[in-house]
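Accompanying notes for the structure given below.
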Amino acid sequence: MSQESGRALVTPAVAGGEAGEGQSLRPQTLADYVGQAALKRKLEVFVRAARGRDEPLDHTLLHGPPGLGKTTMAHILAHELGVRLHLTSGPAIEHKGVLAGHLTALGSRDVLFIDEIHRLAPAVEESLYSAMEDGRIDLPVGEGNRARTIGFELAPFTLIGATTRTALLSGPLRDRFQIIEAIEFYGDDELAAIVCRTASILGVPVSGAAALEVGRRSRGTPRIANRLIRRVRDFAQVRGARSIELADASASLLELGIDSEGLDALDRRLLTMIVENFRGGPVGVDALAASLGEPRDTLESVVEPFLLQRGFLLRTPRGRIATIKAARHLGIELPVGWQGALDL
Ligand SMILES: Nc1ncnc2c1ncn2[C@@H]1O[C@H](COP(=O)(O)OP(=O)(O)OP(=O)(O)O)[C@@H](O)[C@H]1O
Ligand SMILES: [Mg+2]
């Protein structure tokens, strides 16, 4: 997940700062943002309407699995609105005072971006309510029995919240966002376009077929596409290749442990565990996390969404179930007493 510091104040021109994700790879405008066509069309309207009224954009919640472009979109929105982006994250706002510091630093119509907004402390979340709704924040002044609170009027602003886990967001917080939008997994062609874009920024020629192969095996995720094309470039360079062709890409991906469906080692471990040790399931997520030695949150927010989307896994009230597609893909014969899904 993202690594923004709690205090960074960035203008769109120097926005960025995620460890390992060169700013030059981040698209700066809606037009440069690949895919998510329906979302872009809507946001473009909302931005133009807000600008036309000289008002801030309504508070916006972006949700979706890691690496799909939520932070990137927040930067772009600020850029398109022609305002500054102030960047922080739920865990970095340790108490109300920190939140007040961010809010009072905002210029008129600026964007405050709170990443991982599902991780706000309850007391902080509560002060955010009045900031979002009434444009005010109460600040404690004085000490002991002279302590009281003073209400501060805030400049009109936009809150953009990002979360990988909407289910963990409290109802009252979610209700205060007027725009709530999902960012979806990308299609193969879109990822291929991102791979081509990144390769051209990196200055390495890549064939269309190679870009599509890398895109296809990127778990629907731009961040993974960018990571894979960098590694494929390393393999190609060491082999002395001038450009990346399909054969280079396939060989490098195999070497990297990314299979034909784009699954990585942890994806396969999880599916193998359910198929072999639990006869297809159902198995509770806590039992899975313990057996795999991975945090439950990683399984739920990073690993499972893609496996669900691709039909390798089902989520049921009784637990996770593997599908026959998963067993087939892993090349495992269905165990006797198979309890997984039959109909895929
Ligand atoms: N639509 C897109 N077009 C081109 N590149 C993209 C797009 N979306 C994301 N990227 C690239 O993928 C990387 C990851 O995106 P980003 O950091 O915005 O994801 P995120 O949704 O905020 O992830 P996290 O939940 O982990 O914070 C970015 O550095 C950017 O270069
Ligand atoms: Mg992010």
Side-chain angles (χ1 to χ4, degrees), residues 1 35-36 62-70 116 118 162-169 181-191 194 213-225 227-228 253-254 256-344:
M1 243 134 284
Q36 313 292 337
L62 300 174
H63 62 95
L68 297 194
K70 298 179 294 297
E116 296 184 74
H118 60 277
T163 179
T164 49
R165 307 289 307 279
T166 32
L168 299 185
L169 217 61
E181 293 292 341
I183 304 210
E184 315 274 357
F185 284 114
Y186 291 68
D188 296 345
D189 291 343
E190 292 164 346
L191 290 162
I194 292 173
E213 188 61 11
V214 174
R216 230 174 42 73
R217 287 159 77 164
S218 297
R219 293 181 102 258
T221 306
R223 176 179 291 142
I224 296 180
R227 191 189 296 151
L228 291 182
L253 290 165
L254 191 68
L256 292 165
I258 310 293
D259 71 23
S260 59
E261 290 277 349
L263 305 192
D264 64 18
L266 181 53
D267 294 319
R268 287 194 301 269
R269 265 197 320 127
L270 179 133
L271 293 175
T272 306
M273 174 80 65
I274 303 178
V275 170
E276 287 191 335
N277 300 24
F278 297 93
R279 288 184 295 178
V283 49
V285 65
D286 287 316
L288 267 181
S291 311
L292 292 165
E294 295 288 337
R296 173 181 172 159
D297 187 54
T298 304
L299 299 190
E300 290 193 308
S301 65
V302 182
V303 184
E304 289 184 346
F306 180 71
L307 298 178
L308 290 164
Q309 197 240 8
R310 289 293 155 109
F312 289 113
L313 189 72
L314 300 179
R315 231 180 229 171
T316 74
R318 291 181 305 139
R320 275 51 173 174
I321 292 181
T323 60
I324 290 185
K325 176 180 176 183
R328 268 202 207 113
H329 175 68
L330 295 167
I332 303 175
E333 239 175 72
L334 289 194
V336 178
W338 172 255
Q339 302 176 52
L342 292 174
D343 51 348
L344 283 169

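Only this structure's heavy atoms are used, side chains among them; waters, hydrogens and symmetry mates stay out.
Using a cutoff of 4.0 Å between basic side-chain nitrogens and carboxylate oxygens, R320 and E300 are scored as salt-bridged.
Counting heavy atoms from C-beta outward, L270 and M273 have side chains that stay 4.5 Å or more apart.
Smallest separation of non-hydrogen atoms from E294 and T298: OE1-CG2, 4.4 Å. Nearest heavy atom pair, residue A322 against residue W338, reads O-CZ2, 3.7 Å. Of all non-hydrogen atoms in P222 and L191, the two that sit nearest each other are N-CD2, 3.7 Å. In plain terms, the two heavy atoms of G220 and F306 that are nearest each other are N-CE1, 3.8 Å. Of all heavy-atom pairs spanning G319 and T316, the tightest one is O-OG1, 2.8 Å.
Interatomic distance, CZ of R315 versus CD of E304, reported as 5.0 Å (0.5 Å rounding). Taking CZ from F185 and CZ from R219, the interatomic distance works out to 6.5 Å, rounded to the nearest 0.5 Å. Atom CD of residue E276 and atom CG of residue L330 lie 8.0 Å apart, to the nearest 0.5 angstrom. Between the CD atom in E213 and the CG atom in L228 there is a gap of 11.0 Å [rounded to 0.5 Å]. Between the CD1 atom in I183 and the OG1 atom in T164 there is a gap of 12.0 Å [rounded to 0.5 Å]. Once rounded to the nearest 0.5 Å, the distance linking CG of D264 with CG of D267 reads 4.0 Å.
Exactly one of I321, L307, L313 qualifies for a side-chain contact (heavy atoms from CB on, under 4.5 Å) with I274. That residue is L313.
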Steps toward side-chain contact (heavy atoms from CB on, under 4.5 Å) verdict (T163, L168): CA-CA 9 Å; T163 179; L168 299 185; over 6 Å; no
What do the steps show when you test L271 against L263 for side-chain contact (heavy atoms from CB on, under 4.5 Å), and what is the final call? CA-CA 10 Å; L271 293 175; L263 305 192; 3.9 Å; yes
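A donor-acceptor pair under 3.5 Å is absent between the side-chain atoms of R165 and the main chain of S301, judged by distance alone. A donor-acceptor pair under 3.5 Å is absent between the side-chain atoms of E184 and the main chain of Q36, judged by distance alone. The closest donor-acceptor contact from the side chain of R217 to the backbone of I258 lies under 3.5 Å. With hydrogens and angles ignored, the 3.5 Å screen pairs no side-chain donor or acceptor of S218 with any backbone N or O of T221. Side-chain atoms of K70 do not come within 3.5 Å of backbone N or O of A182 as any donor-acceptor pair.
When the ring-ring contact (aromatic ring centres under 6.0 Å, His included) test is applied to H329, the partners found at least two apart in sequence or on another chain are F312.
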Under 3.5 Å, side-chain donor or acceptor atoms of residues 280-292 against the rest of the protein: list the pairs with distances, not counting sequence neighbours.
from : atom 1 : to   : atom 2 : distance (Å)
D286 : OD1    : R296 : NH1    : 3.3
D286 : OD2    : R296 : NH1    : 3.2
S291 : OG     : A287 : O      : 2.7

